[in-house]
Amino acid sequence: MTSTSNPTAKPIKHFLQFSDFTRAEFEYVIERASVIKRKFKNYEVYHPLVDRTLVMVFEKNSTRTRLSFEAGMHQLGGAAIYLNTRDSQLGRGEPVEDAGQVMSRMCDIIMVRTFGQEIIERFAAHSRVPVINGLTNEHHPCQVLADIYTYWEHRGSITGKTVAWVGDANNMLYSWLQAAEVFGFHLNVSTPKGYDMDMSLVQTDRYTFFENPSDACAGADLVNTDVWTSMGYEKENAERIKAFAGFMVDDEKMARAHKDALFMHCLPAHRGEEVAASVIDGPQSVVWDEAENRLHVQKALIEYLLLGQL
Ligand code: CP
C-alpha cells in the first residue's frame, strides 16, 4: 500500500498486507535478507540505520515479532521503542488518525500489531513514515515472508510448488493466499466446518479446498498449520478443539506429502493438538529456522522501506 494522504510528503511505501509488494520487490528483499543474515552470522557490523528509530505498537502480546523487530533494528544500528495499550494512551479513545500523525513525526518507521486490519490502514493513511503490519485479524505478511525465505533456503524457489494449509482460516492463510498469487504457487486448503474462509478476503483462484485434511497434504511440498487456540485461552476454546478433531498434522498426513516436504508452523505451538510432537520435532520440520528468519527478513524489509534498493 502506498499512502498519499499527506499532500506535503512524498508517497510512502507501507507493508500492510502481502499484496502490497511486487514479486520483484520480494525477490530483492529475500536477496538482501541472505546478505544481512550472512553478516549477522559472521559478527560483521552493519549499521545502515544509525540514529533511526522504529516504534513498535502492540495491542496483542508477542514473543517472536517483538524480539525480531527490536533486535533487528538494534543490529542495523538504530533504536526500537516498544509501546503497548496498557502503558500508553493508545486504545483509550484518541483517534487512530491522530496517533498516526503524531507518532510518525517522532520516528522513521512504525510496526503495528492490532486486532483490526481497518485500524492499521487508517493509521498508515495518516503516517508520514512507513508502517509494517506485525499481525492483524486478517494478515500476517512478515511471517509468510519469513516462511517463503525459509522454503527458499531449504528447497529453492516456491514458484510452482504446492503448499498445504491445515487449520482454521486465519490471518496466516489469507497472507498465504496472497503470496500464492504473487509467487505463482498453489495452496491446498483444509479448514474445519465452521472455520471456513471469508471469501471477501480471497482474491486468487490458486487454491483447492479439501474437506479431508489428509487429502490436502497429498503431494504437498510444504505442510503448514497454526495454533488452534491462542496461548492462555485454552479453557475458553474447548469447543474449538472439538471442531478441529482430525486436523492435527501427524505422521500419517506427512507421509502423504511429497517425500521432500517440509513442515512449518509460525509458533507458538501446542504439541498434540494442531501438530504431533513427532512432526514438529521431526526431520521435516524447519520451525526453528522459520522463527529465526523473522529477524533476517524484517531487517531486509526495514532497510528496503527506509533506504530503497541499494
Ligand atoms: N509467530 C508470531 O507472530 O509469534 P508472536 O505472536 O510470538 O509474535
Side-chain angles (χ1 to χ4, degrees), residues 15-18 20 29 33 37 54-75 80-87 90-91 109-117 119-120 131-151 153 163 165-179 222-234 236-237 240 249 262-271 273-275 279-281 285-302:
F15 188 48
L16 305 185
Q17 48 186 301
F18 206 88
D20 284 342
V29 169
K37 181 172 183 175
L54 163 74
V55 169
M56 306 177 297
V57 179
F58 281 93
E59 216 179 290
K60 293 177 76 177
N61 293 345
S62 164
T63 299
R64 281 143 285 266
T65 303
R66 178 179 176 183
L67 187 56
S68 53
F69 271 102
E70 192 164 334
M73 193 64 186
H74 179 72
Q75 291 161 16
I81 295 172
Y82 171 77
L83 289 179
N84 63 24
T85 47
R86 210 173 39 249
D87 309 322
L90 296 167
I109 190 161
I110 301 172
M111 185 241 81
V112 179
R113 172 171 282 199
T114 174
F115 294 104
Q117 183 69 22
I119 293 173
I120 198 172
V131 177
I132 300 173
N133 181 343
L135 182 146
T136 63
N137 56 327
E138 292 180 7
H139 299 285
H140 200 0
C142 292
Q143 181 66 58
V144 173
L145 175 57
D147 292 5
I148 287 173
Y149 177 70
T150 305
Y151 189 87
E153 277 191 325
V163 177
W165 176 267
V166 177
D168 62 322
N170 64 11
N171 44 23
M172 282 294 294
L173 173 57
Y174 296 124
S175 289
W176 270 110
L177 286 161
Q178 290 193 344
L222 168 63
V223 177
N224 216 312
T225 190
D226 197 358
V227 70
W228 291 345
T229 58
S230 295
M231 295 278 162
Y233 292 87
E234 290 82 357
E236 292 84 336
N237 287 321
R240 278 173 79 88
V249 176
L262 299 176
F263 171 77
M264 290 190 196
H265 187 311
C266 68
L267 305 176
H270 281 126
R271 286 168 177 76
E273 288 187 11
E274 74 275 9
V275 60
V279 172
I280 195 170
D281 299 320
S285 171
V286 289
V287 296
W288 311 129
D289 289 344
E290 182 187 2
E292 178 192 323
N293 283 335
R294 290 288 302 276
L295 174 72
H296 308 302
V297 296
Q298 288 162 197
K299 285 167 75 177
L301 175 68
I302 291 169

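Both ligands and their constituent atoms are indexed starting at 1 by order of listing.
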Q) What's the spacing between Cys142 SG and Arg113 CZ if we round to 0.5 Å? A) 9.5 Å
Q: Starting from the C-alpha separation in whole Å, work towards a yes-or-no answer on side-chain hydrogen bond (donor to acceptor under 3.5 Å, both in side chains) for Ser68 and Gln298.
A: CA-CA 7 Å; Ser68 53; Gln298 288 162 197; 2.9 Å; yes
Q.
Students should find this: residues with any non-hydrogen atom under 4.0 Å from ligand 1. What is the answer?
A. Ser62, Thr63, Arg64, Thr65, Arg113, His140, Gln143, Cys266, Leu267, Arg294
Q. Looking at Phe58, is Arg66 sitting on its ring face, NZ or CZ under 6.0 Å from the six-membered ring centre and within 45 degrees of the normal?
A. no
Q.
Measuring only between side-chain heavy atoms, which start at C-beta, is Lys299 closer than 4.5 Å to Lys37?
A. no
Q) Excluding sequence neighbours, so at least two apart, what forms salt bridge (charged side-chain N to carboxylate O under 4.0 Å, His left out) with Glu59? A) none
Q.
Taking CG in Asn61 as the centre, count heavy atoms belonging to other residues, nucleotides or ligands within less than 6.0 Å. Is the count above 12?
A. no
